[in-house]
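Any value given below was found using the heavy atoms of this structure, including those in side chains, with hydrogens, waters and symmetry copies removed. Note that the structure is a prediction, hence the values are computed from the model and not measured.
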Amino acid sequence: MSKEAMRAEAERLIKEALAKNSVSVTRGATRIETKCGKCGAVNRVTAEAGETRVEYKCKECGHKQKAI
Ligand SMILES: [Zn+2]
């Protein structure tokens, strides 16, 4: 295999992996909008499929809490 062919193959594999990742993320994950219990800022949290409680950190005040 030539160097160019190897590079093309590597790029193809990376693109495939990225495509698979983006598909599984959009299919399995849900977006939750939740209000911070400390400062009231609205945070968008990504939850895995089937998960109801997601731990997140408020983007405004950094307070760690769980979204339900
Ligand atoms: Zn907050």
Side-chain angles (χ1 to χ4, degrees):
M1 207 185 262
S2 74
K3 266 190 182 173
E4 264 150 65
M6 277 170 75
R7 201 184 301 146
E9 176 74 3
E11 270 173 29
R12 193 181 63 80
L13 288 174
I14 290 166
K15 271 184 197 160
E16 260 181 27
L18 287 175
K20 264 185 209 161
N21 269 340
S22 62
V23 166
S24 65
V25 164
T26 47
R27 191 174 33 185
T30 45
R31 287 247 165 128
I32 302 173
E33 259 187 28
T34 181
K35 250 187 190 180
C36 172
K38 203 176 173 190
C39 72
V42 176
N43 285 265
R44 281 213 182 118
V45 189
T46 311
E48 294 296 315
E51 220 176 314
T52 49
R53 284 170 162 239
V54 191
E55 200 171 289
Y56 75 101
K57 209 163 132 188
C58 175
K59 61 171 184 183
E60 291 295 328
C61 69
H63 182 60
K64 265 193 184 174
Q65 60 205 292
K66 271 183 182 166
I68 303 163

Undergrad: Name each donor-acceptor pair under 3.5 Å that joins a side chain in residues 57-68 to protein atoms two or more places apart or in another chain, with its distance.
TA:
unit_1 : atom_1 : unit_2 : atom_2 : d
K59    : NZ     : V42    : O      : 3.2
Q65    : OE1    : G37    : N      : 2.9
Q65    : NE2    : H63    : O      : 3.2

Undergrad: Of the non-hydrogen atoms in C36 and C39, which two are nearest, and what is the gap between them?
TA: SG-N, 3.4 Å
Undergrad: When you compare the side chain of T46 with that of Y56, does any pair of heavy atoms fall below 4.5 Å?
TA: no
Undergrad: Of all residues at least two apart in sequence or in a different chain, which pass the salt bridge (charged side-chain N to carboxylate O under 4.0 Å, His left out) check with E16?
TA: R12
Undergrad: Run the salt bridge (charged side-chain N to carboxylate O under 4.0 Å, His left out) test against E33 and tell me which residues pass, sequence neighbours left out.
TA: R44
